[in-house]
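One structure is given below, encoded as structure tokens.
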Amino acid sequence: MVDISSALGPEHPGVLNFPSLSELDREELLRIARTVASDVGRFLITDRPKELHASVKSSPTDVVTEMDRIAEQRIIAKISSRRPHDGFLGEEGTSQSGFSGVTWIIDPIDGTTNYLYRLPMWSVSIGVAVGTTVVAGVVEVPAMGVQYFGSLGKGAWMASQSKTDAQILTCRDSSRLAQSLVATGFGYSEHRRAQQALILTQVLPHVRDLRRSGAASVDLCWVAAGLVDGYYEYGLHPWDYAAGALIAEEAGARVADLYGGPPTERTIMASAPGIFDELRALLLAANADSCT
Ligand code: IPD
């Protein structure tokens, strides 16, 4: 279960006990998320300025473009027009409590550096939480022509421009870490990157190979789609993982923090169940939990 209570905090109305939503409402939430993610994904491609300006955020390597901010506002406006009482938590500063118990967790462009460089691995990521439980998630990857989506307890799918029907997603049936392709990502602080590099030196000798797509939401969907066997990272934000973690879990992957609880902003792991314990033991031996 992907639970975002640590991100919403006890004072957020989303954590109060609201009556559970009917199946119909959940389908409606997913439908809205899919439509909005696909509209905004298209906009990010068609309206990308010839010269895209990036400014820095938490460190010189952490960039944001004008398109991140515009896209976040468009997503919120589109959702609010349909659901005026819901709350929002977005990467570009939105933190709005609602009254309905539903919170939308938004990363308008996950993988901003890839977007800046025209690499295709970036997404519009939209998670939907009822209370603190993520019940639906959409990861739209416009430059690759695919949309990943999932619904709690129902499954995960990939819709692609080239196929009429969405395909059900199932993670890989891997059982040996030594033959596994593992994705990871890096934070933006120099200090954390140095620690992450040290951990890499201890992971790389024990896996088939490592991959770094540049977008955590895409990594998680690649676990769901069986394009990699596993993924781990430290220091993500809920908007980076809410939607992708649900999709991975619905595709049969084990998704947790390093101690087996729900993923947090400190650590996240997602992998084929057969390699999860081995990968976790390796990360703990590499002192990954002391990454700050
Ligand atoms: C980043 C990406 C990246 C991950 C970083 C995230 P952003 O999100 O998901 O893959 O390694 O930790 O911050 O900044 O591109 O939205």
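Read the numbers this way: they start at 1 and go in the same order the structure lists the ligands and their atoms. Quick caveat, the model's predicted, so the values are computed rather than measured.
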request  = Look at ligand 1 and say whether Asp219 reaches it with a heavy atom at a distance under 4.0 Å.
outcome  = no
key: Charged tip of Arg74 within 45° of Phe43 ring normal and under 6.0 Å   = yes
task = Please could you name the atoms of ligand 1 that Thr112 approaches to less than 4.0 Å, counting only its heavy atoms?
result = 15 (O)
task = From the options Gln167, Gln161, Glu140, Met158, select the one residue that forms a side-chain contact (heavy atoms from CB on, under 4.5 Å) with Val146.
result = Met158
task = Consider every N or O of Gly235 and every N or O of ligand 1, then say whether any pair is closer than 3.5 Å.
result = no
inquiry  = The test is salt bridge (charged side-chain N to carboxylate O under 4.0 Å, His left out); show your working for Arg211 and Asp209 and say whether it passes.
reply    = CA-CA 7 Å; Arg211 291 291 179 269; Asp209 208 344; 3.3 Å; yes
inquiry  = Under a 4.0 Å threshold between the charged nitrogen and the carboxylate oxygen, would Lys78 count as salt-bridged to Asp39?
reply    = yes
4.0 Å heavy-atom contact, Arg212 with ligand 1 = yes
query = Can you list the atoms of ligand 1 that are under 4.0 Å from a heavy atom of Ile109?
reply = 16 (O)
task = Please state which part of Thr113 comes within less than 4.0 Å of ligand 1, counting heavy atoms only: side chain, backbone, both or neither.
result = neither
message = Counting only heavy atoms closer than 4.0 Å, does ligand 1 sit against the backbone of Glu233, its side chain, both, or neither?
response = side chain
ask   = Going from CD1 on Ile4 to CD1 on Ile105, what distance comes out if it is rounded to the nearest 0.5 angstrom?
value = 3.5 Å
request  = Output, in order, the C-alpha distance, side-chain angles, deciding distance and verdict of side-chain contact (heavy atoms from CB on, under 4.5 Å) for Leu283 and Tyr232.
outcome  = CA-CA 9 Å; Leu283 292 170; Tyr232 71 91; 3.7 Å; yes
query = Looking only at protein heavy atoms, which one is nearest to atom 14 (O) of ligand 1, and how far off is it?
reply = Tyr188 OH, 2.8 Å
inquiry  = As a test of understanding, state which of Asp240, Val141, Asp107, Leu220 forms a side-chain contact (heavy atoms from CB on, under 4.5 Å) with Ser123.
reply    = Val141
query = Where's the contact between Ala215 and ligand 1, heavy-atom distance under 4.0 Å: side chain, backbone, both or neither?
reply = backbone
note = shortest atom 15 (O) of ligand 1-to-protein heavy-atom contact is with Gly111 N, 2.7 Å
inquiry  = Side chain or backbone, does Ala216 bring an N or O within less than 3.5 Å of an N or O on ligand 1?
reply    = yes
inquiry  = As an exercise, identify every atom of ligand 1 less than 4.0 angstrom from a heavy atom of Leu236.
reply    = 12 (O)
key: Backbone of Glu91 reached by a side-chain donor or acceptor of Glu72 within 3.5 Å   = yes
key: Atoms of ligand 1, numbered as shown, that sit under 4.0 Å from any heavy atom of Asp107   = 16 (O)
request  = Compute the ring centroids of Tyr115 and Tyr117, then answer whether they are less than 6.0 Å apart.
outcome  = no
ask   = Do any N/O atoms on Asp110 end up under 3.5 angstrom from N/O atoms on ligand 1?
value = yes
inquiry  = Set out, in order, the CA-CA distance, both residues' side-chain angles and the distance that settles salt bridge (charged side-chain N to carboxylate O under 4.0 Å, His left out) for Arg193 and Glu190, then state yes or no.
reply    = CA-CA 5 Å; Arg193 285 184 165 189; Glu190 268 182 47; over 6 Å; no
query = atom 16 (O) of ligand 1: which protein heavy atom is closest, and how many Å away?
reply = Glu91 OE1, 3.0 Å
query = Backbone or side chain, does any N or O of Gly214 fall under 3.5 Å from an N or O of ligand 1?
reply = yes
ask   = With under 30° as parallel and over 60° as perpendicular, where do the rings of Trp104 and Phe88 fit, or are they tilted in between?
value = parallel
request  = Within a distance under 4.0 Å of any heavy atom of Gly185, pick out the atoms of ligand 1 and give their elements.
outcome  = 11 (O)
